[in-house]
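Below, each value reflects all heavy atoms present in this structure, side chains not excepted, and no hydrogens, waters or symmetry copies. Residue numbering restarts at 1 for every chain, and letters A, B, ... go by the order of the sequence lines.
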Amino acid sequence: MNEEPSSFASTLGDIARKWQSEWKKAGVHEAEPDPSKQKFFLTAAFPYPNSPPHLGHARTYGTADVYARYKRMRGYNVLFPLGFHFTGTPIVTMADDVARGDKELLDIFKSIYEIPPEKISMLADPLFMANYFKDEIKSALTELGISIDWRREFTTIDPEFSSFITWQFRKLSEMGFVVKDTHPVGWCPVHNLPVGMHDTKGDVEPEIGEFTLIYFETPMGILPAATLRPETVFGAVCIWLNPSEKYVTVEFEGRRFIVAEKAAQRLQFQIDDMKLGEKVDHSKLLELKARNPLTGNLLPIVQAEFVNPSTGTGVVMSVPAHAPFDYFYVKKKGLKINPIPVIDVPGEKVPLGVKMVEQSSPKGKDELEKLTEEVYRTEYHKGTMISSILELASPELRDELSDLPDSPVKEAREIVTKLLLSKGAGRKIFEMMNRPVYCRCGNETVVKLLKDQWFLDYGNEQWKSLARTLLENMRILPEEVRKDFQYTIEWLEKRACARTRGLGTPLPWDKRWIIESLSDSTIYMAFYTVIKTIRSNGIRATQLLPEVWDYVMLGKGDLSQVSSLSGIPQDLISTMRNEFLYWYPLDSRHSGKDLIPNHLSFFIFNHAAIFPRDLWPKQIAVNGFVLYEGKKMSKSLRNIVALRKAIRLYGPDAVRLTILGGAEIGTDSNFTDSDARSITDQLRWLYEFSKSIPSGSNEVGIPERWLMSKLNRSNVDITSAMDQLRLREVMNTLVYRFRYYVEDYIDLTKSLNREPNGRVLREFLEVWTKMLFPLAPHIAQEVWLNIGHTTLLDNEKWPGGNEIHVDSTVELSVDYLHAVIDDIKSILNVLGGSPEEALIYVADEEKMNIMRKMITEIKGGKPLNQLLREFKPRDKESATLAKKLFDHVSQMSPETRDMLLSTEFDEFSVISTFANYVAMKTGLKSIKVYNSSDLQTHGVKKDPLPLKPAIVIVSGERKR
RNA sequence: GCGGAGGUGCCCGAGCUAGGUCAAAGGGGGCGGACUGAGGCUCCGCUGGCGUAGGCCUGCGUGGGUUCGAGUCCCACCCUCCGCACCA
């Protein structure tokens, strides 16, 4: 990125500051309930202030701002507030990192975000950090011209907000949507705290998987073999123990087990009634037999070095038929045991465990692991249990296993697991699948089974059904992401809603827990509607009892009682209630698409649960991300662009246009230096042009009618694009297309040897400026001033396109000129010499009539191929003509066809009138127009078609 | 694995839900020219190949198919990106 702002960017910056202070002075973004006006309430997901704002922030807030400004111009009373999300652990973690002197982080703060050194050290305090970045974000958004009503700002650790969340959770709990359950989490044994991705070294997400333990009884105690594939238990031939590991006895479920000592330590975190026993000399075990609980077979116990005590229990059942490791070691040790196949794979005669090892004779652990993965995958997806599987099972179990023969492995696994658990012959344990995962403190994490964990039960069918209904009735932008919401709603299950640490609101009935960040941010939009009144009237958080919220949010309870209970005057409570009812429901919710599977879906669920249907949100708009120079911004690439820096370099409007106009809403927007500069240049042109609009003519001719027609047509298109937030289209039209219209208009007048009509240009610019305002408010406002207006555009009405000014004939005429110009150019491209003149022969009326007939038939719904057949016959000449006309017509846009039908379009006169224009654009000295009857007289062998005249280029030397 | 999105000319990126308006919008970049003391400013032209006449050929992930006609419809395949939970 070029570090120097261009000269015009600094002008843009000056303009922006000027208008921002005007807006503030006029309070145009501050909204109060006004029953005489229709309201529009929109919010964007509040920021989490653990770093300064970057380009990405401009997308969501920018999109919302464009919408807010647009809706204001459409006459709505618009409320667009913003708060800050302090809840959770990342702020705390990051502050810790600063305190620890994390080199990478400090460097990013210093060189990317340009945080002053004296501030950096203070960021070690989490609250200082949150507040510091909060202010940074607020400044950046203000500099970007985001039209927020800041009087409603709050943070999620404000006591008023906590009282609101407390109320919300009590409601959810009353409805039975909060449940208690156990849950496995990554856990640091030193901190004694759960670890998520933010808490691990290298930001690794702890992946937790499920193993099944199968209890093989021996006279010394149970050997619990850990496996991912319990269905293969029928093929177990022996039990593996690691000869170099210590084994110990443990007790749980009232029974005695033997496991590796290392495994016992981990299992303690999952099995709370577990007691550690004494060491076991497992050489003694080797003399014993272990009983397979499902087959009743007695299996030998054998030593094997590959058994890993860090996974599972250190006890492994050996199934050589289906496990390469097992077959490999059975063979290596020369055990006289035959593999027992239990799974069939179509097309395979030899069990895969055997086949793979025999085929590739693996060298070491890595190769064996590869084979294992392949065997597991193949058997899981293609395998079925053998037909005779029941012959292997104990007779007394055969009834319960009757579904097992020929069943797919996936189903067999469930059947077997269920049976093992119900017979007390096994249990489930959890294991870290991507082990080792280290806590930031350096210790290896384990899986802990958290008891009494609190969940929001998004799996509750009643709740899901409400959420579905809400979604059905909501508008989604872009519509394509509705599928993602539907999928998420179905997929969501219980979700832990409280954590043991971090900032936030304690769970009201169990204060050891803090309500987790994605759970305390689902209906906070309602809070914006009343927080200003709470603050400005000195209502204390302690007065905001659940009864108050019940009344304000739901209209429940008796006003005088609520008032006397809380000590809040009745009229204030009523004011709050009325404010809430005025602004709610939320009209539009904005966020990035990453929040679909979580926040936005929770937002749906919680609104569906808490509020009555008429207060359910009406729309969600999700935007893509911002790329920088084609790449995703990331810490590791060190390509994060600080928002305030970008604003300084390009000016706020160029940043807005580049990001918001760079892509349609659902797709990622690519911010590039060259695009931003190109846009800046266009803005400069507009700015300069507005200061010296050419004038001098009062004539309203074809050029004027054409310009107004383009304007009005575009206005209709842009309005519809704005309604759907298709901002790329809006930007393209307003920034590039419109300039081309103006310049073309001036050329058209020039070719008629006259000046442009200043009044018409001014009118064009007025409408242009108004439409540009939502996207680029500062420059639009400045241009508005330049063309003589003293009002604020915030208070102006969005222009309504006037159909009267849409003039198809004129548009067709100019399009026709451009087509002729293109044709001439393409001839000139292949012509040498020094071309000077073009002779244009327009087609006669007869051909036009045939063509009109064709168009009428097509409009009447006749298929083109049928038309071709009908027009073909007669003589050869007219057949060729028909074919030509047919090809010609089929290449026309429906609009052109309509225009040809509905207008008296005269090619000859259009070209004659604008011969100069054509000459100007083609660089020729002159253009002469003739009728097709002159073709013969001039001896030219060409055949013009309607809208496709014959063109003859005359070069200097052969000039007639 | 499950679910979603997508593969278009040097690059980015429209169009593909209603097949002919598509050699394919728009922007960026590049090349050439104009302007200028100079210009990384601005303007004009070109930017798949071939062509001394508006044309022809090739072409929108790959391979088939439907059709007078396919970037657009159908089938199969290949590849890329994103999400998959206690974390904002």
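Here C44(B) presents its C1' atom at 15 Å from CG of Leu828(A), a figure rounded to the nearest Å. Straight-line distance from the NZ atom of Lys921(A) to the C1' atom of A34(B): 15 Å, rounded to whole Å. Distance, Trp685(A) CH2 to C41(B) P: 18 Å, rounded to whole Å. In this structure, Asp484(A) atom CG and C81(B) atom P are separated by 18 Å, rounded to whole Å. Atom OH in Tyr740(A) sits about 10 Å away from atom P in C44(B), given to the nearest Å. Look at CE on Met433(A): it is 17 Å from P on G1(B), rounded to the nearest Å. In this entry the distance linking CD of Glu729(A) with C1' of G27(B) reads 15 Å, nearest Å. The distance between atom CG of Leu595(A) and atom P of A88(B), rounded to the nearest whole Å, is 12 Å.
Spacing of C1' atoms, C75(B) relative to G13(B), comes out at 29 Å, to the nearest Å. Only the C1' atoms considered, C82(B) is 29 Å distant from A24(B), to the nearest whole Å. When the P atom is compared between A25(B) and C46(B), the two are found 12 Å apart, to the nearest whole Å. Atom C1' of G48(B) sits at a distance of 13 Å from the matching atom of U8(B), rounded to the whole Å. Taking atom P on both nucleotides, G61(B) is separated from G6(B) by 13 Å, rounded to a whole Å. If you take atom C1' in C60(B) and the same atom in A23(B), they sit 10 Å apart, rounded to whole Å. Of the P atoms belonging to G71(B) and U17(B), the separation is 13 Å, rounded to the nearest Å. Taking the C1' atoms as reference points, U58(B) lies 7 Å from G49(B), given to the whole Å.
Classified by interplanar angle (parallel below 30°, tilted 30° to 60°, perpendicular above 60°), the ring pair Phe671(A)/Tyr650(A) is perpendicular. Classified by interplanar angle (parallel below 30°, tilted 30° to 60°, perpendicular above 60°), the ring pair Trp463(A)/Phe605(A) is perpendicular. Using cut-offs of 30° and 60° for the angle between ring planes, the Tyr687(A) and Phe8(A) rings count as tilted.
Among the heavy atoms of the strands, none lies under 4.0 Å from Pro47(A).
Checking side-chain atoms of Thr658(A) against main-chain N and O of Ala654(A) turns up a donor-acceptor pair under 3.5 Å.
Remark: Thr89(A) is not in phosphate contact with C87(B), judged by side-chain N or O atoms under 4.0 Å from OP1 or OP2. Proximity of Ser678(A) to the phosphate of G27(B): no side-chain N or O atom is located under 4.0 Å from OP1 or OP2. The phosphate of A5(B) has OP1 or OP2 within less than 4.0 Å of a side-chain N or O from Lys483(A).
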Please test Lys948(A) against Asp943(A) for salt bridge (charged side-chain N to carboxylate O under 4.0 Å, His left out), starting from the C-alpha separation and ending with a verdict.
CA-CA 9 Å; Lys948(A) 183 114 181 129; Asp943(A) 197 13; over 6 Å; no
Verdict with supporting geometry, Arg677(A) and Asp681(A), salt bridge (charged side-chain N to carboxylate O under 4.0 Å, His left out)
CA-CA 6 Å; Arg677(A) 282 177 193 279; Asp681(A) 292 340; over 6 Å; no
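Distance check: Leu657(A) CG to Thr680(A) OG1 gives 9.0 Å after rounding to the nearest 0.5 Å.
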Pairs under 3.5 Å (Watson-Crick or G-U), crossing ones as [ ], inter-strand ones as |: RNA chain B comes out as ((((((((.[[[..)....(.....]]]((((((.......))))))(((....)))...[[[[[..)....]]]]])))))))....
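If you check C44(B), C87(B), A53(B) against the side chain of Val952(A), the one that comes closest is A53(B). For Asn829(A), counting side-chain heavy atoms from C-beta on, the closest listed nucleotide (G26(B), C46(B), A53(B)) is C46(B).
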Do any N or O atoms of the protein come closer than 3.5 Å to N or O atoms of nucleotides 6-15 of chain B, and which pairs are they?
from, atom 1, to, atom 2, distance (Å)
G13(B), O2', Arg728(A), NH2, 2.9

Could you pull out the protein-nucleic contacts involving nucleotides 82-86 of chain B (nitrogen or oxygen on both sides, under 3.5 Å)?
from, atom 1, to, atom 2, distance (Å)
A85(B), O2', Arg495(A), NH1, 3.4
A85(B), N1, Glu493(A), N, 3.2
C86(B), OP1, Glu205(A), OE2, 2.8
C86(B), O2, Ala496(A), N, 2.3
C86(B), O2, Ala496(A), O, 2.8
C86(B), N3, Ala496(A), N, 2.9
C86(B), N4, His183(A), ND1, 3.1
C86(B), N4, His183(A), NE2, 2.9

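Relative to the ring axis of Tyr458(A), Lys464(A) does not place its NZ or CZ within 45° and under 6.0 Å from the centre.
One finds no salt bridge joining Asp717(A) and Arg713(A) here, because no Lys/Arg side-chain nitrogen approaches an Asp/Glu carboxylate oxygen to under 4.0 Å. The pair Lys593(A)-Asp668(A) meets the salt-bridge criterion, with a side-chain N (NZ, NE, NH1 or NH2) lying under 4.0 Å from an Asp/Glu carboxylate O. A salt bridge is defined here as a Lys NZ or Arg NE, NH1 or NH2 lying under 4.0 Å from an Asp or Glu carboxylate O, and Asp744(A) with Lys921(A) meets this definition.
Between the side chain of Asn732(A) and the base of G26(B) there is no donor-acceptor pair of N/O atoms closer than 3.5 Å.
Here the closest non-hydrogen pair linking Tyr524(A) and Ala44(A) is OH-O, 3.9 Å. Here the shortest heavy-atom pairing between Pro49(A) and Phe86(A) reads CG-CE1, 3.5 Å.
Between Met892(A) and Leu518(A), the residue anchored closer to the 5' end of RNA chain B is Met892(A), taking for each the nucleotide with the nearest heavy atom.
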